[in-house]
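Written out below as structure tokens is the structure these notes cover.
Start at 1 with the first residue, then count along the sequence. Note that ligands are numbered from 1 as they come in the structure, with each ligand's atoms numbered from 1 the same way.
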Amino acid sequence: MNRELEKRNAARAALNFVEDGMTIGLGTGSTARHFIELLAEEIKEGLIIRAVPTSEETRDLAIEHHISLIDIEQVQQIHLTVDGADEANEVGDLIKGGGGALLREKLIANASDHMVVIADPSKYVSTLGAFPLPVEVIPFGFTLTAKKIFDVLEQNGIARPKVELRQDEGEEGPFITDGGHYILDCHCSKIPDAPKLASQLCAVPGVVEHGLFISMARTLIIGGEDGATIFEF
Ligand code: 5RP
């Protein structure tokens with residue numbers, strides 16, 4: 001299996017949803033990177049779009065590829081967002097935030113007319129939860145917030161959850177998001193009822209956002225080595 005080819009084929013299939021004149025939300029991560037590179041090639045061929053990045057990393061990548069960006073405060077309408085996912089199930093619910101960009105990703109996906117998710121087959125699961133669920137929290141009192149999140153996970157039928165403060169891979173200390181927050185990675189194994197957990201996590205003081213994207217994706221594209229499979233919700 002060739003993961004990069006699968007991601008690239010998913011990204012290539014997402015180009016079919018792009019039209020001249022669109023404002024497009026650009027996702028974050030290695031699969032979104034493929035889409036950005038392919039989009040840049042289309043732009044070189046004459047496609048005209050404007051883009052809104054979902055992270056500083058994606059902003060830098062878009063600038064490197066000469067993609068015109070529009071300031072988020074100036075955006076009237078986002079026609080399409082194309083982003084990756086850490087897990088996607090058969091109804092299109094997602095876990096996102098492995099790259100730590102879930103807050104801007106959710107804000108931009110939620111403001112979009114159409115969210116297209118691109119992924120390789122390893123991301124397509126029957127039950128969400130094997131991938132640790134990222135929860136973005138404010139640094140103040142994060143230990144108390146983590147305890148409350150632990151309780152919510154247990155109340156949602158998750159046995160022996162583990163709530164871990166994400167560490168920065170490059171530097172010593174916690175990982176800091178683009179919004180200046182921490183991420184708590186919640187090891188759940190399986191999430192029995194993702195919509196219920198999503199609404200309960202939102203109610204915990206200190207939680208800024210969580211990585212459960214419920215009923216947001218309208219299209220899921222799973223790339224294969226020879227093409228892609230498209231699911232519509
Ligand atoms: C970043 C994300 C990414 O979309 C997710 O982590 C998937 O990344 P990749 O395409 O590298 O597997 O949610 O916050």
Which ligand 1 atoms are under 4.0 Å away from a heavy-atom of [X]?
X: G97; value: 2 (C), 13 (O), 14 (O)
X: D83; value: 4 (O)
X: T28; value: 1 (C), 2 (C), 3 (C), 4 (O)
X: G84; value: 4 (O)
X: T31; value: 9 (P), 10 (O)
X: D86; value: 5 (C), 6 (O), 7 (C), 13 (O)
X: G100; value: 14 (O)

Tell me which protein heavy atom sits closest to atom 4 (O) of ligand 1, plus the residue, atom name and distance to 0.1 Å.
-> K96 NZ, 2.9 Å

Closest approach of any protein heavy atom to atom 9 (P) of ligand 1, naming residue and atom | S30 OG, 3.3 Å

Looking only at distance, does G29 have an N or O less than 3.5 Å from an N or O of ligand 1?
->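 No, since none of the N or O atoms of G29 sits under 3.5 Å from an N or O of ligand 1.
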
What about A101: any of its N or O atoms under 3.5 Å from an N or O on ligand 1?
->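 Yes; the residue has a nitrogen or oxygen that sits under 3.5 Å from a nitrogen or oxygen of the ligand.
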
Quick one: are [X] and [Y] in side-chain contact, heavy atoms under 4.5 Å?
X: V117; Y: L94; result: yes
X: E87; Y: F131; result: yes
X: P134; Y: R166; result: yes

Selected option - heavy-atom contact closest to atom 1 (C) of ligand 1, from H34, E105, K106, K123 |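 When every heavy atom of H34, E105, K106, K123 is considered, E105 comes closest to atom 1 (C) of ligand 1.
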
Heavy-atom nearest pair, A62 first then L69, reads CB-CD2, 3.8 Å

Donor-acceptor contact present, side-chain K123 to main-chain D86, <3.5 Å =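 Between the backbone of D86 and the side chain of K123 there is no qualifying donor-acceptor contact (under 3.5 Å).
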
In terms of hydrophobic clusters joined by side-chain contacts under 4.5 Å, are V152 and V137 together?
-> yes

Where does S55 meet ligand 1, judged by heavy-atom distances below 4.0 Å: at the side chain, the backbone, both, or neither?
->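 Neither; nothing of S55 gets under 4.0 Å from ligand 1.
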
Pair R160-E154, salt bridge (charged side-chain N to carboxylate O under 4.0 Å, His left out): steps then yes or no | CA-CA 7 Å; R160 293 181 299 283; E154 279 204 321; over 6 Å; no

Can you list the steps and then say if H114 with T219 is a side-chain hydrogen bond (donor to acceptor under 3.5 Å, both in side chains)?
-> CA-CA 8 Å; H114 185 174; T219 305; 2.8 Å; yes

Could you establish whether G27 and ligand 1 come within less than 4.0 Å of each other, counting only heavy atoms on the residue side?
-> no

Kindly give the cluster partners of F35, where membership spreads through any ILVMFWY side chain lying under 4.5 Å from a current member.
->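 Hydrophobic cluster check, F35: joined to L15, F17, V18, M22, I24, L26, I36, L38, L39, I43, L47, I49, L61, I67, L80, V82, V116, I118, I221, I230.
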
